[in-house]
A.B. asks: 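Have a look at the structure that comes next, please.
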Amino acid sequence: MDRRVVITGVGGLCALGSNAASIWRGMCAGISAIGPIANTELYELDGIIGAEIKVLPEHDICQKQLSSMDRFSLLAVLAAREAVAQAGLSCDDWNAHRYGATVGVGICGSEAVEENYRALLLSGAKRTGILTIPRVMPGAAAGQVSMHLGLRGPVFGVTSACASANNAIASAVDQIRLGRADVMLAGGSDAPLVWGVLKSWEALRVLAPDTCRPFSADRRGVVLGEGAGMAVLESYQHAKARGAIILAEIAGIGLSADAFHIVAPTAEGPEAAMRACLQDAGLNPEDVDYLNAHGTGTRVNDVIETAAIKRVFGDHTRSMSVSATKSMHGHCLGAASAIEMIACVMAIRHGIVPPTANYNERDPKCDLDVTPNVLREKEIRVALSNAFAMGGTNAVLAFRQV
């Protein structure tokens, strides 16, 4: 069985742009889309910043359909539609059972939960909205993608906090490698910029008050964002048979767990995931040209990720380009690594390393080449994407030029 799985279309939207191309342009320009949140229902959370989608792109989804969708599901559908259009796919009764979808989510259904709890507890409502459960369930985004695109193959949601999208993509690759599907839509979506979620993150004392500065000595924490990213994955044979343009190959997958602490990370878990990814892809450390770091901008996480990277790549660390695009689109939780997947695919296609924005000052404990503030032109044959989550869940993907 041919185990090669390739990407033939990508789609996405986040604070940087309403489609994959505009997201990439924003990344290349080093634009930070972080700022005040325009949502008028944040109550006493004045001063908390985020990476917010100010205006959704135009679409033809009717109000009846929208009433069954929380914001994270809508974002996933819009991103999936874009990816399918770029891939030039058509789905009909003949092939629908061979097409599926996996969508990663971190904190799902935040909008519906917020609306209904406020209605019940503050406004005296006697019951929730009738579609509350279908809106908030973790598999809702995957189900909505399947319904809107007519996919009848393997369809399910994946949730592993900030590693959800990479785990969803890994699961989709497995479906194709195992012969259960020819095509999978895979990625992640999240819309956490609501009062209850932001209040909970505020209690963790990890939110930055100004902006996200990964690996910079003056970094002050995480900035949450919202968005979605989706990719069309196909077996290499299926893509070649239909004459599709191949954007990149998913060359390897590495998964691990810290088995240590619910919020405190270790270096050993991320190290194991990166090593497993390289082994799965048949790559040596020196084969990697670009690494999109998890890079959240917290004091502890960036130091631990740096240590893990140096353990895996050794002397090659000095010549490998690294960047943390969360400095521009924020930490989109379940969607984060899906948007970073777009960064890796585009980096391979265009020979550009997107920068780490907002970088001010070198931290001796984060002594990586983080591509500070300005993009770098460089041939990129192999790119790695790191995703490390609360709970100690680690998922790393390797993308390769075809």
A.B. asks: Give a yes-or-no answer on whether the side chains of Tyr290 and Thr371 include a donor-acceptor pair shorter than 3.5 Å.
C.D. replies: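 Result is no, nothing qualifies.
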A.B. asks: Taking salt bridge (Lys or Arg N to Asp or Glu O under 4.0 Å) as the criterion, tell me which of Arg275, Arg400, Arg177 meets it with Asp280.
C.D. replies: Arg177
A.B. asks: Is a donor from one side chain sitting under 3.5 angstrom from an acceptor on the other, for Asn116 and Thr132?
C.D. replies: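 Yes.
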A.B. asks: Hey, are Lys326 and Thr296 close enough side-chain-wise for a donor-acceptor pair under 3.5 Å?
C.D. replies: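 Not at all, the side chains of Thr296 and Lys326 share no donor-acceptor pair under 3.5 Å.
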A.B. asks: Ignoring hydrogens and geometry beyond distance, is a side-chain donor-acceptor pair present between Ser321 and Arg376 at under 3.5 Å?
C.D. replies: yes
A.B. asks: Are side-chain heavy atoms of Asp369 and Met320 found at a separation under 4.5 Å?
C.D. replies: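 They are not in contact (no side-chain heavy atoms under 4.5 Å apart), so the answer is no.
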A.B. asks: Tell me yes or no: between the side chains of Ser385 and Asn292, is some donor less than 3.5 Å from an acceptor?
C.D. replies: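 Checked: Ser385/Asn292 side chains show no N/O donor-acceptor pair below 3.5 Å.
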A.B. asks: Have a look at Asp182 and tell me which of Gln237, His97, Arg98 forms a side-chain hydrogen bond (donor to acceptor under 3.5 Å, both in side chains) with it.
C.D. replies: Arg98
A.B. asks: Aromatic ring centroids of His331 and His294 under 6.0 Å?
C.D. replies: yes
A.B. asks: Could you pull out all residues at least two apart from Phe72 that satisfy ring-ring contact (aromatic ring centres under 6.0 Å, His included)?
C.D. replies: none
A.B. asks: May I ask you to check whether over 12 heavy atoms, not counting those of Gln279, lie within 6.0 Å of atom CD?
C.D. replies: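 No - once you tally the heavy atoms of other residues, nucleotides and ligands closer than 6.0 Å, there are 12 at most.
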A.B. asks: So, Ser22 and Asn19: side-chain donor and acceptor under 3.5 Å apart, yes or no?
C.D. replies: yes
A.B. asks: Using a cut-off of 6.0 Å, state whether more than 12 heavy atoms not belonging to Glu379 lie near its atom CD.
C.D. replies: yes
A.B. asks: Taking Ser160 as the fixed residue, which of Asn167, Thr393, Asn166 is the one that meets the side-chain hydrogen bond (donor to acceptor under 3.5 Å, both in side chains) rule?
C.D. replies: Asn167
A.B. asks: Please determine whether the number of non-hydrogen atoms from other residues, nucleotides or ligands lying under 6.0 Å from atom NZ of Lys54 exceeds 12.
C.D. replies: yes
A.B. asks: Would you say that more than 12 heavy atoms from the other residues, nucleotides or ligands in this model lie under 6.0 Å from the CG of Asp93, or not?
C.D. replies: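 Check fails, neighbour count at 12 or below.
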A.B. asks: Whether Arg349 engages the ring of Trp24 as a cation-pi pair (distance to the six-membered ring centre under 6.0 angstrom, angle to the ring normal within 45°) should be assessed.
C.D. replies: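 Ring-cation test returns no.
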A.B. asks: So, do Ile250 and Val6 sit near enough that their side-chain heavy atoms are less than 4.5 Å apart?
C.D. replies: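 A side-chain contact under 4.5 Å is absent here.
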